[in-house]
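Accompanying notes for the structure given below.
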Amino acid sequence: MANWDEFFAKEQAPANLKEVKSTINAFAASHRSAGRDIVFVTSGGTRVPLEENAVRFIDNFSIGTRGASSVEYFLEQGYAVIFLHRQGSLQPFSRNFPSHDILDLLQLKDLPDGSNQLEVNPCKVAKLSKVLKMYRQVRVSGTLLMIEFNSLFEYLFLLRGVAESLACHGPNVMLYLAAAVSDFYIPSQSRPQHKISSEVPLQLNLVQVPKMMTPLVKEWIPRAFTVSFKLETDVNIISKKARQSLAKYSHQNFANIEFKLNANINLVVKVVVSNILQTRKKTVVMITPTQERAIWMSDSELEAGQEIEEKIVADLKEMHQQFIASSSPRASNT
Ligand code: PMT
């Protein structure tokens, strides 16, 4: 049994898995029949419980900025978006108004009769209107489907479930895996039932989480356009690591990035977006089998409030469209 099959056999699936899969099926079918491509965005950090009745967890830094902002740009680009995000992490649209700023959005105007009227702060009107307009359009078109996870287990079961549900839509699906996934966990059979005693020093025995990229691109959804992210903190190893992961999870023939191969050959084009923790909002490197290209933000772009995700998404959309064109039956005859 592969180590990922063992993982799924031993851990508990989330109670809503079946329901999520049928919601995804309906969402994807209706948007595909309206001619929209689908992107599946994962976002936020996964949480690893130390106990069965969990009081303590191992967590990571991600608050989901990249995922939430990318969703807005994918929606602008005409995609139907499935957003698998960590509960409480940033969400598209509302992320533009952090909770500590929320009261600055409003002001009280004194009326002649002594009462007050609530108004939007004039300096916030432009930003609020822009976001509100986009949000309303998305509500009307129904192009955004939000799904929450909390633990590593929920994330991985939902990742597999959503991927399998989308597999029938072939190359018209993009996977954009921006979640920060835990690499270590405590298997269910080793997790204590109750709160770990604090009376003795704690030694944890963590097990490696199976790398899910392999079954994802080879079994669950092999014909999608898969984009994974590689995060490091050491600038000297990032490129090598990202290349290794591209080589490991891509199907073999690197010429496929030219998008000229026969669509009958079951190929997966992979892009790895590599980023360094400290500079991830300013620069990323897009690595494909044939290219390594930096996307970066100038100081003036950052000062003007522009975001690197806008450029990443535009770049990926172009690659995805070429991928779809090259995967069509007509492309395979030429
Ligand atoms: O949320 P923000 O604060 O905006 O930060 C964004 C980000 C830095 C989290 C994001 O840009 C990013 O890099 N996400 C990927 C982080 C990560 O998990 O990197 P990794 O090198 O550990 O994993 C590489 C890839 O393998 C990831 O696409 C991950 O989905 C996948 N993976 C990881 C572990 C695992 N067991 N199975 C996997 O398939």
Side-chain angles (χ1 to χ4, degrees), residues 2-4 6-8 11 40-48 58-73 83-92 95 98 149 151-160 162-163 174-185 187 206-221 224-234 237-250 268 270-287 295 297 307-313 316:
N3 61 352
W4 53 84
E6 208 173 313
F7 176 95
F8 288 116
E11 299 301 332
F40 173 35
V41 176
T42 71
S43 180
T46 58
R47 188 156 103 139
V48 170
I58 302 175
D59 212 331
N60 68 48
F61 71 96
S62 170
I63 54 161
T65 313
R66 173 143 289 150
S69 57
S70 301
V71 167
E72 290 177 17
Y73 297 114
F83 182 49
L84 178 62
H85 63 285
R86 162 77 178 270
Q87 198 177 57
S89 65
L90 291 182
Q91 300 196 2
R95 73 175 179 107
F149 68 86
S151 69
L152 171 76
F153 310 109
E154 286 167 350
Y155 173 79
L156 291 177
F157 273 98
L158 289 166
L159 176 72
R160 182 178 69 168
V162 175
M174 185 196 301
L175 309 182
Y176 183 88
L177 307 170
V181 185
S182 174
D183 287 316
F184 306 99
Y185 78 116
L206 300 173
V207 169
Q208 273 176 300
V209 178
K211 288 286 177 196
M212 297 298 178
M213 288 304 294
T214 302
L216 183 79
V217 299
K218 295 196 172 156
E219 293 177 10
W220 305 340
I221 183 162
F225 182 85
T226 305
V227 180
S228 79
F229 282 77
K230 186 78 209 148
L231 176 71
E232 292 295 342
T233 52
D234 180 354
I237 61 166
I238 179 82
S239 175
K240 187 168 147 232
K241 287 271 191 160
R243 288 223 142 264
Q244 274 170 354
S245 91
L246 185 66
K248 190 165 168 196
Y249 303 121
S250 287
V268 176
K270 284 263 284 109
V271 181
V272 174
V273 183
S274 70
N275 51 178
I276 297 285
L277 183 69
Q278 303 82 337
T279 57
R280 66 191 190 280
K281 293 186 179 165
K282 199 164 178 180
T283 178
V284 299
V285 181
M286 312 287 282
I287 301 181
I295 290 184
M297 302 296 288
E307 295 174 307
I308 196 163
E309 287 77 13
E310 185 174 6
K311 294 186 184 182
I312 297 174
V313 167
L316 290 174

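Start at 1 and go down the list; that is how both ligands and their atoms are numbered.
No side-chain heavy atom of Phe149 sits less than 4.5 Å from a side-chain heavy atom of Leu159. Taking the side chain as every heavy atom from C-beta outward, Lys230 and Ile287 never approach each other to under 4.5 Å. Looking at Val162 and Thr42, their side chains never come closer than 4.5 Å, going by heavy atoms from C-beta outward. Side-chain contact between Asn3 and Gln208 is absent, with no heavy-atom pair separated by less than 4.5 Å. Contact annotation: the side chain of Asp59 approaches that of Arg86 to within less than 4.5 Å [non-hydrogen atoms, C-beta and beyond]. Two residues are said to be in side-chain contact when any heavy atoms from C-beta on lie closer than 4.5 Å; Val181 and Tyr155 meet this criterion.
For Glu307 and Arg95, the salt-bridge test passes: some basic side-chain N is under 4.0 Å from an acidic carboxylate O.
The heavy atom nearest to atom 15 (C) of ligand 1, out of those in Ala179, Gly64, Gly44, is found in Ala179. By heavy-atom distance, the residue among Phe184, Phe61, Phe229 lying nearest atom 23 (O) of ligand 1 is Phe229. The closest heavy-atom contact to atom 10 (C) of ligand 1, among the options Pro215, Gly45, Ala178, comes from Ala178. When the heavy-atom distances from atom 32 (N) of ligand 1 to Val181, Leu90, Asn60, Ile308 are ranked, the shortest goes to Val181. Residue Pro210 holds the heavy atom nearest to atom 35 (C) of ligand 1 of all those in Pro210, Ser43, Ala68.
Listed by number with element, the atoms of ligand 1 under 4.0 Å from a non-hydrogen atom of Lys230 are 20 (P), 21 (O). Using a 4.0 Å cut-off to heavy atoms of Leu231, the atoms of ligand 1 that qualify are 8 (C), 13 (O), 16 (C), 19 (O), 21 (O). Atom numbering of ligand 1 starts at 1 in the shown order; those under 4.0 Å from a heavy atom of Ile63 are 1 (O), 3 (O). The Met212 neighbourhood of ligand 1 comprises atoms 37 (N), 38 (C), 39 (O), with distances under 4.0 Å to a heavy atom of that residue. Near Thr65, meaning under 4.0 Å from one of its heavy atoms, ligand 1 places the atoms 1 (O), 2 (P), 4 (O). Of all the atoms in ligand 1, the ones that sit under 4.0 Å from a non-hydrogen atom of Ser228 are 28 (O). Shown in contact with Val209 at under 4.0 Å from a heavy atom are these atoms of ligand 1, numbered in order with element: 36 (N).
Ring geometry for Phe7 versus Phe153: interplanar angle under 30°, hence parallel rather than tilted (30 to 60°).
Here Asp183 has side-chain heavy atoms under 4.0 Å from ligand 1, and that is the only part of it that gets that close. Contacts between Glu232 and ligand 1, counted as non-hydrogen atom pairs separated by less than 4.0 Å, are absent for every part of the residue. Contacts of Asn275 with ligand 1, taken as heavy-atom pairs under 4.0 Å, involve the side chain alone.
At a 3.5 angstrom cut-off on N or O pairs, Ala180 does not count as close to ligand 1. Among the atoms of Lys211, none of the N or O lies under 3.5 angstrom from an N or O of ligand 1.
Heavy-atom separations between Ser69 and ligand 1 are all 4.0 Å or longer.
Panel note: side chain Arg66, backbone Arg280; a donor-acceptor pair is recorded below 3.5 Å. The backbone N or O of Ser151 lies less than 3.5 Å from no partner atom in the side chain of Thr46, so there is not a single donor-acceptor pair.
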